[in-house]
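A quick write-up on the structure given underneath.
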Amino acid sequence: MPKIEVKAKYTAEVIDFDFKREELVIETGGFDDISYYGKLATVADVYRLQINGGVNSNGIVIPSRNPLPNVVKYARSQSSLYGKIYGATKDLMTAGLTIGLDINSRHRLFIESFSRPRNAPTTIKKKGFDNPLIHTEKLVNSIFFSINGEGRYS
């Protein structure tokens with residue numbers, strides 16, 4: 001059976017014995033070779049810090065704010081639909097683009113709506129609002145997906 005994978009080994013079965021079963025892996029995230037936040041930090045660097053938590057260059061502790069489990073949970077909930085899309089198109093790229101766009105748009109939505117843990121009061125004052133993963137929208141606008149490790153689609 002072909003596999004449809006999203007970041008954390010999400011799989012879905014496609015039951016059709018009349019076409020070649022190729023694995024379909026959709027990865028969504030900020031890639032290292034895109035936009036810079038500063039002289040040394042890519043979007044992917046900033047996102048990794050947000051997902052894993054850590055200490056920024058100013059020594060400020062950043063708590064983990066990881067929307068990826070929600071992305072994977074969403075993708076799993078769409079397992080049947082994704083399997084039907086892949087089975088109906090019988091084309092890896094067509095299915096990958098359709099499924100990838102759905103997952104990627106949901107990923108962006110989870111980033112935009114992420115709320116816990118909250119920002120520190122000083123950060124809220126500086127930004128003027130309390131959305132932990134939004135500052136300039138550069139991160140959310142830099143989320144792309146790849147199909148089987150190839151391409152950058154948004």
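Note: hydrogens, waters and symmetry copies are ignored here, and every other heavy atom, side chains too, is used. All of these numbers come straight from a predicted model, not from anything done at the bench.
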Original post:
Nearest 0.5 Å, what's the CG-OG distance between Asn70 and Ser113?
Top reply: 8.0 Å
**OP:** Report yes if the side chains of Ser64 and Ile51 come closer than 4.5 Å at any heavy-atom pair, otherwise no.
**Re:** no
Subject >> Atom NZ of Lys127 with >12 non-hydrogen neighbours under 6.0 angstrom >> reply: yes
Original post:
So, do His107 and Tyr47 have ring centers that fall under 6.0 Å from each other?
Top reply: yes
Original post:
Which distance, rounded to the nearest 0.5 Å, do you find between the CG of Leu139 and the CD1 of Ile134?
Top reply: 6.5 Å
**OP:** Specify the closest pair of heavy atoms between Gly151 and Ser146, including all atoms of both residues, with the distance to one decimal.
**Re:** O-CB, 3.3 Å
Original post:
So, Asn148 side chain and Val25 main chain: donor-acceptor pair closer than 3.5 Å or not?
Top reply: yes
Original post:
Judged by atom type as modelled, is there a donor-acceptor pair below 3.5 Å linking the side chain of Arg65 to the main-chain atoms of Ile111?
Top reply: no
Subject >> In one Ile/Leu/Val/Met/Phe/Trp/Tyr side-chain cluster, 4.5 Å: Leu109, Tyr153 >> reply: no
Original post:
Can you tell me how far CZ of Phe110 sits from CD1 of Ile103, rounded to the nearest 0.5 angstrom?
Top reply: 11.0 Å
**OP:** List the atom of Ala95, the atom of Tyr86, and the distance in Å for their closest heavy-atom pair.
**Re:** CB-CD1, 3.5 Å
Original post:
What pairs meet the side-chain hydrogen bond (donor to acceptor under 3.5 Å, both in side chains) rule with one or both residues in residues 92-104, with sequence neighbours excluded?
Top reply: Thr28-Asn104, Tyr74-Asp102, Tyr82-Asp102, Asp91-Thr94
**OP:** Assess whether side-chain contact (heavy atoms from CB on, under 4.5 Å) is satisfied between Ile26 and Ile147, documenting all intermediate values.
**Re:** CA-CA 5 Å; Ile26 304 294; Ile147 301 170; 4.0 Å; yes
**OP:** Check whether any side-chain heavy atom of Leu81 sits under 4.5 Å from a side-chain heavy atom of Gln78, and report yes or no.
**Re:** yes
Subject >> Pairwise distance CD(Glu112) to CG(Asn131) - rounded to 0.5 angstrom >> reply: 8.0 Å
Original post:
When hydrophobic residues are tied together by side-chain contacts of less than 4.5 Å, even through go-betweens, does Leu133 share a cluster with Ile60?
Top reply: no
Subject >> Smallest separation among heavy atoms of Ile124 and Asn119, with atom names >> reply: CD1-O, 3.6 Å
Subject >> Separation of Arg48 CZ from Asn66 CG (nearest 0.5 Å) >> reply: 13.0 Å
Subject >> Close side-chain approach of Arg106 to Val71, heavy-atom, < 4.5 Å >> reply: no
Original post:
Could you give the distance from OG (Ser154) to CZ (Arg108), rounded to the nearest 0.5 Å?
Top reply: 5.0 Å
